[in-house]
Structure formats: structure tokens, C-alpha cells
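Letters A, B, ... are given to chains in the order of the sequence lines, protein chains preceding strands, and every chain is numbered from 1.
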Protein chains: 2
Amino acid sequence: MQKRNPVDILRENQLKNTRQRVRVLEEIAADKAAISQPDLEKKLGKEIDRVTLYRILNTYEDKGILHRIIDFNGTANYAICSSACTAHHHHDEHLHFNCTHCHKIYCLETKVPAINIPDGFTANTISLIAYGICDKCGKADKRN
Amino acid sequence: MQKRNPVDILRENQLKNTRQRVRVLEEIAADKAAISQPDLEKKLGKEIDRVTLYRILNTYEDKGILHRIIDFNGTANYAICSSACTAHHHHDEHLHFNCTHCHKIYCLETKVPAINIPDGFTANTISLIAYGICDKCGKADKRN
DNA sequence: ATAGTATATGCAATTAAATTGCATTAAAAA
DNA sequence: TTTTTAATGCAATTTAATTGCATATACTAT
């Protein structure tokens, strides 16, 4: 787990240390679950311009600092990458769980199993997402 | 495989037989790969209003006639469901392959393997998507 | 410290995706 | 054929994402 502080992460990736970039990393690191672009914008919209937020998120994804998970609705969600991720390849191939009640995405420990890809197809990344009810929503509320 | 004709599919699902609904089914059934909402709109936009298209796609998904696959960019793609799908539950749990070159999504035969879900989490659907280069793009073009 | 340079940010405007309300039209049932 | 029910098209709105450009800021080298 990349538990270094934001300033270190920025320096290691040759990115300028700006208030906005630090805030984005802080906010995303604060939650164990992935956070959606709209939620990030709600939290940071008063201190960071929305365009800047988009650009920071894209930069972080390119550098392998964050990984992006697309949820059931097609919305982008972000979480801190494991340290194995690099600018050239993401190695966050674990199970994601997308709660259809609270819409949170959890990064779970379960590894993506080996998948048999047909001849002629070359897979670079595998995404495995389970949709359902998370532990909190399952307890708190019987609706779904 | 649901290879019945559009009119039968509509009747079986208590949906009115309209020109627009038939056209959407024809168009989606024509291609083995899933087709994106934007591509569908390009093909059908002159004969069907875009709002109607959205509504038809949603209805078909609810009824278990089509399944929706979200690609890497968060765009909705649609393919005909296997006949096992119902209004209450989709059973299209096979591997999808999203070509990052031509952007097509292929429904492949490979079944989604059993996944170990942590206690407290209840999964209803599992999505397994591989991103990479499809057989056609691999042959036709060495760029990716 | 300071000046210079490279880069990041904010703003305005634009493009695109998706949704809502409502009047009109069309399909199926009586 | 008439009635009823549901689907469609249109206008308007909301939300997401992107682009160009002027300004501001961080880092580098002096």
C-alpha cells in the first residue's frame, strides 16, 4: 500500500507540489473505498476548479498513482494504487465491489483469477467487478 | 441464443410492437459484438428520436432482452442476452473483451469463474471485462 | 534571494450524454 | 370502430467531460 505522504508521491513522479494536487490525494486516501468524480467534485469544488480536478485525476491515472474504476452507471471512481502500479502498467487487478445501494466501490483483497483468453486476442488489463449490497448497507437497511 | 425474430421477442415480453423497437433489435442482433449507445444513435438517429432510443434500451435491459456492458470509457454498450436472462435477473456472466483499438466489445464464451466474496457482502452480478487488442486489430494493424 | 522557465490552474465556452415533462401518436383490447 | 393504454417526439434541462487561453505558481539556476 502506498501510504507515503502526498508530497513524496508528487516528487517521486516529477509532479509539481501544488495545493490542489495535495488536496486530491488527501481526499482519496482518506477513504478506504474508491470515490467517484462527482463526489470528489462535491467535496473539493469550492477549493479546486472542476477542470483542474479532471486534469489532476487524469495525470494521476497516467502516472499510476490512482486507478480508475468505472461503476455500473459508467461513472469514474478513483482509488490509490498499490505501489506495484507504474506509469506503464496498472497492477491493481483485484476484485472491486460496487454497492448498488450506497454506490460505493470497495477494493477487495481477492485477486482476479487467471482467465482463458481466446487465440488472437491479447488482454492487457482485466477488470472484475461484483455488483450487490455491501456489508454496511446489508446491516443498516433491508431495502435494496 | 435468442435467435427469434423481434416481433416474437416483443410479444413474449408484453411490449408493443413498434417500428422503433423492431429496428433497435434488428440493429443489435446484426452484429456479434456489442454496440455502443453512440454508435446505435449514429445508425438509427434519423429514424428514431434519441430519447426514444434511450427509453427502448432501458426497457430492453429491464426486461432481460439486452444486457448492458460499460466499457473502459464509461460508455454503455448493448448485446442480445442469452435466453436465460429474465426481467428479474441477468445471467450473461461471460467474459467481455473490450478492444482498446477499435473499441468493440465481444461477448466471449468463457464463463466468469466462481469468486470468493467477503462476509457481509452480497453479490448479484459479476462483471468480467478484459481490455486489450482483438483478433482483427491484432492482425490488421500493429499500432495499439 | 531573485529572475527565468516550465508547468499548473482558473475561467469561459463548448461538446456530449442522459433525463424529464408533456402533448401527440400509435398499438392493442373491447 | 371506439376506447384505453402505452410509446414516441420535441423542447428544455441537467450532468459529465473537454478545449483554448490568459494568469498564476512552483521549481531551477543564478
Side-chain angles (χ1 to χ4, degrees), chain A residues 5-28 34-63 65-66 68-78 87 98 103 105, chain B residues 5-27 34-63 65-66 68-78 87 103 105:
Chain A
N5 75 66
V7 176
D8 291 342
I9 295 174
L10 291 173
R11 191 177 42 243
E12 285 164 25
N13 286 279
Q14 292 91 45
L15 294 171
K16 286 188 178 171
N17 169 4
T18 67
R19 176 180 56 79
Q20 295 87 335
R21 284 179 174 161
V22 171
R23 287 293 295 119
V24 170
L25 280 179
E26 284 173 353
E27 208 55 59
I28 293 178
I35 183 167
S36 69
Q37 196 285 334
D39 284 351
L40 267 175
E41 198 177 311
K42 275 169 210 144
K43 287 199 177 182
L44 298 172
K46 276 159 193 160
E47 21 178 342
I48 307 181
D49 182 80
R50 51 186 279 104
V51 176
T52 301
L53 179 56
Y54 276 113
R55 288 195 274 229
I56 289 175
L57 292 171
N58 285 336
T59 302
Y60 284 175
E61 198 196 355
D62 289 348
K63 291 283 188 176
I65 298 169
L66 296 182
R68 187 183 60 179
I69 310 113
I70 298 293
D71 72 15
F72 197 63
N73 300 308
T75 305
N77 286 254
Y78 294 90
N98 187 184
H103 299 111
I105 292 189
Chain B
N5 74 66
V7 176
D8 291 342
I9 294 174
L10 291 172
R11 190 175 44 242
E12 285 163 25
N13 287 279
Q14 292 93 46
L15 295 171
K16 285 187 180 174
N17 168 4
T18 67
R19 176 179 57 78
Q20 295 87 335
R21 283 180 175 161
V22 171
R23 287 292 295 119
V24 170
L25 280 179
E26 284 173 354
E27 210 54 59
I35 183 169
S36 70
Q37 196 284 334
D39 285 351
L40 268 175
E41 198 176 310
K42 274 168 211 144
K43 286 199 177 183
L44 297 172
K46 277 161 192 157
E47 21 178 342
I48 307 180
D49 182 81
R50 51 187 279 104
V51 177
T52 301
L53 179 56
Y54 277 114
R55 287 194 275 229
I56 289 175
L57 292 171
N58 285 336
T59 302
Y60 284 175
E61 198 195 355
D62 289 347
K63 291 283 188 176
I65 297 169
L66 295 181
R68 186 183 59 179
I69 310 113
I70 299 292
D71 71 16
F72 196 63
N73 300 309
T75 305
N77 286 254
Y78 294 90
H103 298 111
I105 292 188

Exercise for the section: Taking only the side-chain nitrogens and oxygens of B:Gln20, find out if one of them lies under 4.0 Å from OP1 or OP2 of C:dA26. Expected result: no
Problem - Short side-chain to backbone donor-acceptor contact, B:Asn5 and B:Val7, under 3.5 Å - result: yes
Handout entry: Step-by-step side-chain contact (heavy atoms from CB on, under 4.5 Å) determination, B:Gln20 to B:Leu53
Key = CA-CA 8 Å; B:Gln20 295 87 335; B:Leu53 179 56; over 6 Å; no
Handout entry: Atom-pair distance (CG on A:Asn58; C1' on C:dA8), nearest Å
Key = 14 Å
Handout entry: Short side-chain N/O contact to C:dG10 OP1/OP2 from A:Thr52, under 4.0 Å
Key = yes
Handout entry: Side chain B:Arg50, main chain B:Glu41, donor-acceptor under 3.5 Å
Key = no
Exercise for the section: Identify the 5'-most and 3'-most nucleotides of DNA chain D with at least one atom closer than 4.0 Å to a non-hydrogen atom of chain A. Expected result: D:dA16 to D:dC27
Completion exercise
From CZ of B:Arg11 across to C1' of C:dA27 the rounded distance in Å is 14 Å
Practice task
Could you please name the option among C:dA18, C:dT9, C:dT19 that lies closest to any side-chain atom of B:Gln37?
Solution key: C:dA18
Handout entry: Face-on cation placement of A:Arg68 at A:Tyr60 ring, 6.0 Å and 45° thresholds
Key = no
Exercise for the section: Output the single nucleotide from C:dC22, C:dT19, C:dA26 whose closest atom is nearest the side chain of B:Arg55. Expected result: C:dC22
Handout entry: Expected output: side-chain A:Asn77 to main-chain A:Ile105 donor-acceptor under 3.5 Å
Key = no
Exercise for the section: Would you tell me if any nitrogen or oxygen in the side chain of A:Thr18 comes within less than 4.0 Å of OP1 or OP2 on C:dT7? Expected result: no
Practice task
Would you kindly give the CG-to-P distance between B:Asp49 and C:dA23, to the nearest whole Å?
Solution key: 17 Å
Problem - 5' priority, DNA chain D, between B:Asn73 and B:Thr59 [closest heavy atom] - result: B:Thr59
Handout entry: Interatomic distance, B:Leu53 CG vs C:dT19 P [rounded to whole Å]
Key = 12 Å
Completion exercise
From CD of B:Gln14 across to C1' of C:dA29 the rounded distance in Å is 15 Å
Practice task
Using whole Å, report how far CG of A:Asn17 lies from C1' of C:dA6.
Solution key: 16 Å
Handout entry: N/O donor-acceptor pair under 3.5 Å between A:Asp49 side chain and A:Val51 backbone
Key = yes
Exercise for the section: Rounded off to whole Å, could you give me the CD1-to-C1' distance for the A:Ile56 and C:dT7 pair? Expected result: 13 Å
Exercise for the section: Classify the side chain of A:Lys16 versus the base of C:dA6 as yes if they form a donor-acceptor pair under 3.5 Å and no if they do not. Expected result: yes
Handout entry: Interatomic distance, A:Ile70 CD1 vs C:dA17 P [rounded to whole Å]
Key = 14 Å
Practice task
Have a look at A:Arg19 and say if it touches a base, only the backbone sugar-phosphate, or nothing, with a 4.0 Å heavy-atom cut-off.
Solution key: sugar-phosphate
Practice task
Go through C:dG10, C:dT19, C:dA8 for me and flag the one nearest to the A:Arg21 side chain.
Solution key: C:dA8
Problem - Short side-chain to backbone donor-acceptor contact, A:Asn13 and A:Leu15, under 3.5 Å - result: no
